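Presented below is the structure to which this report refers.
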Amino acid sequence: MMQIDEVLLDFENGYRRSLPIQDIRYDTVTIVVEIQNSKDALEKGVPGHKFVGSLTTIAAMKIPENLTALQNDAPSRNALSLVQLASQVKWQILGVLLITFITYHYITNRPPRVPIVLEKEIPNKLERQSAFFFHTANVLQKGYKEFGDRIWGIDTNQGLRLVLPLRYLDELKSHPAINFADSISRHALIEHTGLGGPPAAAVHIFKAKLNPSLSEYLPIFHDIIKRELPLAFPQNQDWTETHIFERMLRIVSVMSARAFYSAEGSKDEHWLELSQAYVSTVLDYLQKLKRWPEFSLPLVKFFLPERAKVIQQWNQAHAHLSKTLEAKASGKQDSPPSLLDHLISGRKVTVDEMIHTQMAFVVAGIHTTAAGLTQFLYDLAVRSEDIPELREEIRQVYAGCEGAFTKKSLGELKKLDSWMRESQRLCLSVSTTFQRIATKRFRLSEGLYIPKGTRLEVAATSVHVDEAFYENPEVFDGQRSFKPRQGQSQAMKHQYISTGKTDLRWGYGRHACPGRFLADAEMKMLLSELLLHFDVKNPEGQGRHANIAFDNNVMPDPTKTVMVKSVKGW
Ligand code: HEM
């Protein structure tokens, strides 16, 4: 037999204390006894062994040398051995659970096993990321050619992205486990920048309210174009070197301000300047941030002047929008109502919510449309021989509607439509589209497991130059879509606003660009007025201006110029 000198008390609240046995006063607590100091016990090799029971049990306890004997004899035997067992099992269970959790987490989040573009040519991952950032279209084209019909991956500074073959589009276009808005937020690095796409509710209102009222907007847009165009392109009988992008941006920003914001806003020079400058700031900010690896962004962003500029522009937008919302509180709407009118009708919207929505529409709608117009003119400047045919069609349609464009008359500009479509086929606004993010893990029908958070997309620029879908895809053919539209059955197909699996200019599926009808109308009216009154060409020997591309964005170079001259007799 051995004597216990000291006990270790484990109270239920987690408190633990070691006391000589004579100091223990309370006899009601449930305690754990750990033999600690007994020399005898040490010699017998049982220290660390725990017994649980009431103090009365323990105070009276004389522990036999043979512990098994105690377990058989002691009155508290069952209680002691059960809790002892539970205590040991508890740690084992926790251990097993932890290992299971880590294994599960690893397995479910492990990137899918797919071939990675450039992995063989550039073994260093950082260099591969950089190659994609600076040569996006080429890297996409390489992967598209090399992996054909398989799913393949791209290493980017913001992680692995999976490129899908077109056959997955139907399976995924309404899949509940993938999300478009999250992927836009991810592209805009929302957790570092606070930037993101327009809220789904606002997009819904845009589709339901603004798009159906487009006809009412046409005379307003046409007036804006007729007012702004001569300011942007003064009459000049000599060829004049002209920056295109900034002029397009200005005119589109006026039309967009009227449609998204308010009639007053479309005349407010400060708002117009702000909306034009904001997009460039955002693009510069993202371009700079995306050069850095993800983990460094929380720090890097503070060193970029664009961050301060974006915040300053938000503050300016705040001043405008709080004034406008106050003025609109009476319920007075523009005619036709702007998107802002629709958004606040019957709803309480805070100034901050409205800033987010308005600025997101500014980014989605102004730069893209101005870029589309600039790309068109850059294409036309190296094919000025096509101008007379386009101009003739415009003249006929213009005469037919007596100079007042309607939806129907814009629909008759089929050659212009085809030219716009061809220009956009080769110069998309984004190099990949159908960008989605997996919000849950799921498995594709052909078996590939997609972990939560995976980014998925389609290599749109490569699809558009695939000869399986386009004859002589590298050749610019302005009438490519005009020809098939001559037959009755195809008359409504192959339009500038059309979308399809091999026609990804506006994205695909339920998130295909809802602003394309607006862009189509704005662009056709602006180009019609421009081509009625001006010739464009590039200086002798100057080829088609190259685009600026980074990550997913493709833009015309705003610093380039084309030669512009007034048409005789205007
Ligand atoms: C030529 C001009 C334009 C181009 C090339 C363009 C291109 C695109 C593309 C490619 C997408 C789909 C992205 C994807 O699926 O990955 C998209 C979506 C979107 N576009 Fe446009 N866009 C243009 C004009 C506009 C305009 C004028 C608006 C005005 C409201 C607009 C608003 C939007 C919105 C809100 C979305 C997201 C739709 C959603 O959340 O479901 N776009 N655009």
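For clarity, every value in this text was computed on a predicted model and none was experimentally measured. Note that these values count all heavy atoms, side chains included, but never hydrogens, waters or copies made by symmetry. Counting starts at 1 for both ligands and their atoms, following the listed order.
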Regarding ligand 1, does F434 bring an N or O atom to under 3.5 Å of one of the ligand's N or O atoms? yes
Say whether K207, considering both its backbone and side-chain N or O atoms, lies within less than 3.5 Å of an N or O atom on ligand 1.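 No; the residue has no nitrogen or oxygen that sits under 3.5 Å from a nitrogen or oxygen of the ligand.
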Heavy atom of the protein closest to [atom] (residue, atom name, distance):
atom: atom 19 (C) of ligand 1; result: P514 CD, 3.6 Å
atom: atom 12 (C) of ligand 1; result: W506 O, 3.6 Å
atom: atom 1 (C) of ligand 1; result: T368 O, 3.6 Å
atom: atom 43 (N) of ligand 1; result: C513 CB, 3.1 Å

Proximity of [X] to ligand 1 by residue part, where a heavy atom lies under 4.0 Å:
X: M420; result: neither
X: S429; result: side chain
X: A364; result: both

Kindly indicate whether a cation-pi arrangement holds for R258 with Y217, taking the cut-offs as under 6.0 Å to the six-membered ring centre and within 45° of the axis. no
If you draw the axis of the six-membered ring of Y496, does the NZ or CZ of R516 fall within 45° of it and under 6.0 Å from the ring centre? no
I need the minimum non-hydrogen distance between I548 and P558, along with the two atoms involved. CD1-CD, 3.8 Å
Could you tell me which non-hydrogen atom of C427 sits nearest to which non-hydrogen atom of R544, and how far apart they are? SG-NH2, 3.4 Å
Aromatic centroids of F442 and Y449 separated by under 6.0 Å: no
Less than 4.0 Å between a side-chain N and a carboxylate O, is that true for K309 and D284? no
What are the atoms of ligand 1, with element, lying closer than 4.0 Å to any heavy atom of R505? 10 (C)
Contact atoms of ligand 1, heavy-atom distance to Q424 under 4.0 Å: 1 (C), 5 (C)
Return yes when E522 approaches ligand 1 closer than 4.0 angstrom through a heavy atom, no otherwise.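 Flag not set, E522 not near ligand 1.
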Are the side chain of S418 and the backbone N or O of F482 linked by a donor-acceptor pair below 3.5 Å?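 Answer holds: yes.
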